[in-house]
Amino acid sequence: MTVIDRPTTVEIAGTLTAAEWMQRTLFTAIGRVPDAILRRVVPPVVNSDRDAMAPEIALLMKAAAAGPDFSDGTLAEARASMDNDCRVFADDAPAMDVADIALPSGIRASLYRPARRSDGLVVFLHGGGFVLGSRAGYDAPVRLIADRAGVAVLSVEYRLAPEARFPGPVDDAAEAWRFAVEHASEWGIDPQRIILLGDSAGANLCAVLANDLAGEERRPLMQVLMYPVVDAVGTHSSRTEFADNPALTAKQIAWLSGLYLPEGHPEWDPRVSPLHADDLSGAPPTLITVAGFDPLRDEAIAYAQRLAAAGVPTRLMREGGLVHGYISLTRISRAARGAVDRVADAIAGALG
């Protein structure tokens, strides 16, 4: 285990190009304009629930719609595109100790330890449709949450599809959980106080893992699912309403799903689509966040409703003005930063 200090997100992800710096500077400046002024100059974007999109997000979506679609390029280009977006739009984050860890199977993880921390732990699984995303790309959000919540975070570099199709990422999530439980005491962690946190596909892995752990002696204290994908069948109305939202389009969802699922594998498999699980009563207390302009919004709400009906303490946090992937938009959007801060505060509250 090697402990390294990573002072800034930029040092993790590499040097920004001139174009990326210009984009970052422009949207950072826009994000700092008071909402009252922005709303006078940005045409309102309103969904069927009457949520109004945050104006800085509306400008970003307009720019994104005019740009290339990652699902039209190569896999390498798509992965680079997501990591580039993360480093352009994610906030600066505090320095802290970070340990690079190799798990028994060879997958790697980073253990973030802020100076002020509890004896709890967050196991974090990043988003990216099971195909994209990385520890480096999510460095800033993980630091922000670790620092604000005052908790160590284990960020897991699970294998990606198509190199590792389902159930590869699910297996890696389970390995990371077991590793965290087994090593908790040497990290100063109470193994009874481990929280699962993920966004998008990572939230799916958290939900599947939590359900698989039902009835075991060591279970998560809580699961936090940020705009999770929980129903690969995909018949919910938000999938249609926001099919062309450039934060995550229907075309991109289909491309990612096709790379993740083996040919012929049923989409309704509960370890792919936890919404279709027969019994959710063994899930831990749950926080689910949804974005108002996200094609995954309605399935996440349905999952929260099913958990509550099964007797699981469940909280649904609706971020009406935001889009999918807002965890990495905190530099340019006060609304996104506030939403991520609320997640961190909920984690801190659960850990007492």
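Residue numbers count from 1 along this sequence.
Sorted by first then second residue, the side chain to side chain donor-acceptor pair (under 3.5 Å) pairs that include residues 212-221, not counting sequence neighbours, are Asp212-Arg271.
Salt bridge status for Arg108 with Glu175: absent, with no side-chain N to carboxylate O gap under 4.0 Å. Between Arg135 and Asp139 no salt bridge is recorded (no basic side-chain N to carboxylate O distance below 4.0 Å). A salt bridge is absent between Asp91 and Arg148; no separation between the charged side-chain nitrogens and carboxylate oxygens falls under 4.0 Å. Salt-bridge check for Asp244 with Lys251: failed, with every basic side-chain N at 4.0 Å or more from each acidic carboxylate O. Using a 4.0 Å cut-off between a side-chain N of Lys or Arg and a carboxylate O of Asp or Glu, Glu56 and Arg32 do not qualify as a salt bridge.
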- Message: Would Phe166 and Asp269 count as a side-chain contact (heavy atoms from CB on, under 4.5 Å) here? Give the steps.
- Response: CA-CA 11 Å; Phe166 173 85; Asp269 178 349; 3.7 Å; yes
- Does the pair Gln252 and Ser71 meet the rule for a side-chain hydrogen bond (donor to acceptor under 3.5 Å, both in side chains), with working shown? CA-CA 6 Å; Gln252 291 166 349; Ser71 64; 5.0 Å; no
- Query: So Arg87 and Asp83, salt bridge (charged side-chain N to carboxylate O under 4.0 Å, His left out) or not? Walk me through it.
  - Reply: CA-CA 6 Å; Arg87 66 179 181 170; Asp83 280 352; over 6 Å; no
- Task: Check the pair Ile288 / Arg315 against side-chain contact (heavy atoms from CB on, under 4.5 Å), numbers first and verdict last.
- Result: CA-CA 6 Å; Ile288 293 179; Arg315 178 184 177 190; over 6 Å; no
- Begin with the C-alpha distance, continue with both residues' side-chain angles, and end with the deciding distance and a verdict on side-chain contact (heavy atoms from CB on, under 4.5 Å) for Val131 and Leu160. CA-CA 5 Å; Val131 174; Leu160 300 175; 5.6 Å; no
- Task: Take Ile145 and Ile327 through the side-chain contact (heavy atoms from CB on, under 4.5 Å) test and state the conclusion after the steps.
- Result: CA-CA 10 Å; Ile145 291 170; Ile327 194 173; 4.3 Å; yes
- Item | Worked check of side-chain hydrogen bond (donor to acceptor under 3.5 Å, both in side chains) between His324 and Asp294 | CA-CA 5 Å; His324 191 84; Asp294 184 356; 2.8 Å; yes
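Phe124 pairs in a side-chain contact (heavy atoms from CB on, under 4.5 Å) with only one of the listed residues (Leu154, Val224, Asp199), which is Asp199. With Val156 as reference, Ile107 is the one residue of Leu205, Ile107, Asp172 to meet the side-chain contact (heavy atoms from CB on, under 4.5 Å) rule. A side chain to side chain donor-acceptor pair (under 3.5 Å) with Arg318 is found for one member of Thr289, Asp51, Asp49 and no other, namely Asp49.
A donor-acceptor pair shorter than 3.5 Å cannot be found between the side chains of Asn47 and Glu241. In this structure, a donor-acceptor pair under 3.5 Å is absent between the side chains of Asp100 and Ser110.
In terms of the ring-ring contact (aromatic ring centres under 6.0 Å, His included) criterion, residue partners of His126 (sequence neighbours excluded) are, by chain and number, Tyr138, Tyr158.
Across Ala350 and Met222, no two heavy atoms sit closer than the pair CB-SD, 3.5 Å. Pro169 approaches Arg159 most closely through the heavy-atom pair CG-O, 3.4 Å. Minimum interatomic distance between Leu256 and Gly128 (heavy atoms only, all atoms of both residues): CD2-O, 4.0 Å.
Between Tyr326 and Tyr227, the distance from one ring center to the other falls under 6.0 angstrom.
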